[in-house]
Amino acid sequence: MIGRKNMGRASPLLLVLLALGFFFATYNLLTLVIQYKDSSTGLGSGISDPVTEMPANSRKLGKSNLKFHVALTATDAPYSQWQCRIMYYWYKKMKNMPGSDMGKFTRVLHSGKGDHLMDEIPTFVVDPLPEGLDRGYIVLNRPWAFVQWLEKATIEEEYILMAEPDHIFANPLPNLAHGYNPAGFPFFYIKPTEHEKIVRKFYPEDKGPVTDVDPIGNSPVIIKKSLLEEISPTWVNVSLRMKDDPETDKAFGWVLEMYAYAVASALHGVRHILRKDFMLQPPWDLEVGKRFIIHYTYGCDYNMKGELTYGKIGEWRFDKRSYLSGPPPKNLTLPPPGVPESVVRLVKMVNEATANIPGWDSLNSG
């Protein structure tokens, strides 16, 4: 039996440590910018073929037309809570629009206890990993949360979208999966072939070529529920084994759990349809267009000329890490002229949500 972790309010020291952790994570992300710009195509333009790879025979299947359940894994920290509220606001706006296959919504709360958002957002509480097992890498709780939720919850839909708090639905999302081929977003920094030596520790040669490990994380992914039930326990085990291996932990760092999902899927013989239009990531993706999810993990820093300032706090900025202990204020200042449409759209969507969510300023902590 997994014990529940006692969780109180964050101390000032913990918030400082979190801030430092986010700083270094952001720094690591920024070092990847040049690679991203080199590897991305169509930045600032429409995507002519969003399907970068589709497994054999999938193109013959046609559109699924089956509803998917939106599953959002989260903690009860204020930083997670305000993002979940914005995400759920835009889910409700997009759910019934033409082209949407969204079904019901669940925030899978892996804090072991409820919080004050239980009445606002449909929530299913699960236990975190035993204390100390995640070693400060809190996203290791994500696969364990899915194992518990899939085992205990009643889920009507045949498909599931695995989502995260810093996702905003920019367009109605159809079911991009095809039968037993899930749909995923190809991340430029998930490169199994470049880490073959490490990947082979968890994906032996007799399982197949390393190219069978897709360049994805678990989110966003739309997947058949029965497949996720098979993959999730393996995903937990691979994640913990990777964290226990110093070489793997050092090589994969903050994306370790993403590699673990990719490897676990490959171990089950599951290949993903890779959809570039599944998601965009400001400020590097310049336009929203017909893409479905805005992922605001990167900080957006600009001078007043509308120029992006790499690795430097801008005269104008929007960075989710600026709001670790509470939500951003209403009516954020819009970016200066010249800033890409994707960033302007992001801030406008945040402002719309905060203006319409009841009690936005009053519910600051768990």
Side-chain angles (χ1 to χ4, degrees), residues 2-8 10-11 13-32 71-81 83-84 107-112 126-149 162-167 187 189-192 195 198-199 201-203 213 215-221 231-265 295 297-298 320-321 324-325 366:
I2 300 296
R4 298 191 176 191
K5 184 188 297 185
N6 293 323
M7 299 185 69
S11 67
L13 176 60
L14 178 58
L15 291 176
V16 170
L17 293 175
L18 282 172
L20 288 172
F22 285 127
F23 170 79
F24 288 114
T26 303
Y27 176 82
N28 289 335
L29 289 175
L30 287 171
T31 62
L32 299 171
L72 170 66
T73 51
T75 74
D76 62 357
Y79 175 71
S80 178
Q81 288 174 334
Q83 294 175 54
C84 290
R107 179 180 62 137
V108 184
L109 184 63
H110 51 78
S111 299
V126 297
D127 288 320
L129 290 166
E131 188 165 3
L133 196 58
D134 64 14
R135 288 191 224 106
Y137 182 53
I138 198 168
V139 292
L140 281 185
N141 287 286
R142 184 177 294 150
W144 176 231
F146 273 110
V147 169
Q148 295 173 83
W149 178 62
M162 293 187 282
E164 297 180 18
D166 60 355
H167 287 177
F187 289 92
Y189 48 77
I190 303 296
K191 301 178 179 180
H195 295 283
I198 293 175
V199 170
K201 293 183 178 184
F202 312 95
Y203 188 70
V213 179
I216 58 169
N218 82 290
S219 177
V221 163
I231 293 171
S232 291
T234 307
W235 180 20
V236 172
N237 292 332
V238 173
S239 296
L240 294 174
R241 287 175 55 207
M242 284 184 171
K243 191 65 179 175
D244 281 339
D245 183 76
E247 182 184 20
T248 304
D249 190 23
K250 181 179 179 181
F252 291 165
W254 58 275
V255 297
L256 181 148
E257 169 266 343
M258 297 172 69
Y259 271 101
Y261 173 79
V263 169
S265 299
H295 182 212
T297 189
Y298 295 94
K320 65 178 185 176
R321 297 165 188 84
L324 294 177
S325 58

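Residues: numbered from 1 along the sequence shown.
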task = Give the C-alpha distance, both sets of side-chain angles, the deciding distance and a yes or no for side-chain contact (heavy atoms from CB on, under 4.5 Å) between T297 and R321.
result = CA-CA 9 Å; T297 189; R321 297 165 188 84; 3.5 Å; yes

message = Quick one, F146 and N218 - any side-chain contact, counting heavy atoms below 4.5 Å?
response = yes

ask   = With sequence neighbours left out, what residues match F202 under ring-ring contact (aromatic ring centres under 6.0 Å, His included)?
value = none

key: S239 backbone acceptor or donor facing E257 side chain under 3.5 Å   = no

query = Closest approach of T73 and A145, non-hydrogen atoms and distance?
reply = CG2-CB, 4.4 Å

query = Under the side-chain contact (heavy atoms from CB on, under 4.5 Å) criterion, do R142 and M162 qualify, and how do the steps go?
reply = CA-CA 10 Å; R142 184 177 294 150; M162 293 187 282; over 6 Å; no

task = Please test V199 against V213 for side-chain contact (heavy atoms from CB on, under 4.5 Å), starting from the C-alpha separation and ending with a verdict.
result = CA-CA 9 Å; V199 170; V213 179; 4.2 Å; yes

inquiry  = List the residues meeting side chain to side chain donor-acceptor pair (under 3.5 Å) with R241, not counting sequence neighbours, and say none if there are none.
reply    = none

ask   = According to the interplanar angle, ranging from 0 to 90°, do the rings of Y259 and F252 count as parallel (below 30°), tilted (30 to 60°) or perpendicular (above 60°)?
value = parallel

query = Is there a side-chain contact between I198 and E247, using heavy atoms and a 4.5 Å cut-off?
reply = yes

query = Tell me, do D134 and N141 make a side-chain contact under 4.5 Å, heavy atoms counted?
reply = yes

message = Students often mix this up, so state it plainly: with edges at 30° and 60°, are the rings of Y189 and F187 parallel, tilted or perpendicular?
response = tilted

key: Nearest heavy atoms of T248 and D245, plus distance in Å   = OG1-OD2, 2.6 Å

query = Would you say the side chains of D166 and H295 form a donor-acceptor pair under 3.5 Å?
reply = yes

query = Side chains of W149 and H110: does their closest heavy-atom pair fall under 4.5 Å?
reply = no

inquiry  = For a 4.5 angstrom cut-off between non-hydrogen side-chain atoms, does P78 reach S325?
reply    = no

inquiry  = Walk me through whether L140 and L256 qualify under side-chain contact (heavy atoms from CB on, under 4.5 Å).
reply    = CA-CA 9 Å; L140 281 185; L256 181 148; 4.2 Å; yes

Cation over ring face, K243 and Y137, 6.0 Å, 45° = yes

key: Side chain to side chain, H167 and P220, heavy atoms closer than 4.5 Å   = yes

task = Heavy atoms only: give me the nearest R107-A74 pair and the separation to one decimal.
result = CG-CB, 4.0 Å

key: Considering all heavy atoms, the nearest D76-S111 contact   = N-OG, 3.0 Å

inquiry  = Taking the side chain as everything from C-beta on, heavy atoms only, tell me whether C84 gets closer than 4.5 Å to L72.
reply    = yes

Validation row: V126, V108 side chains within 4.5 angstrom (heavy atoms) = yes

For V236, all residues meeting side chain to side chain contact (heavy atoms under 4.5 Å, CB included), sequence neighbours excluded = P143, W144, V147, L240

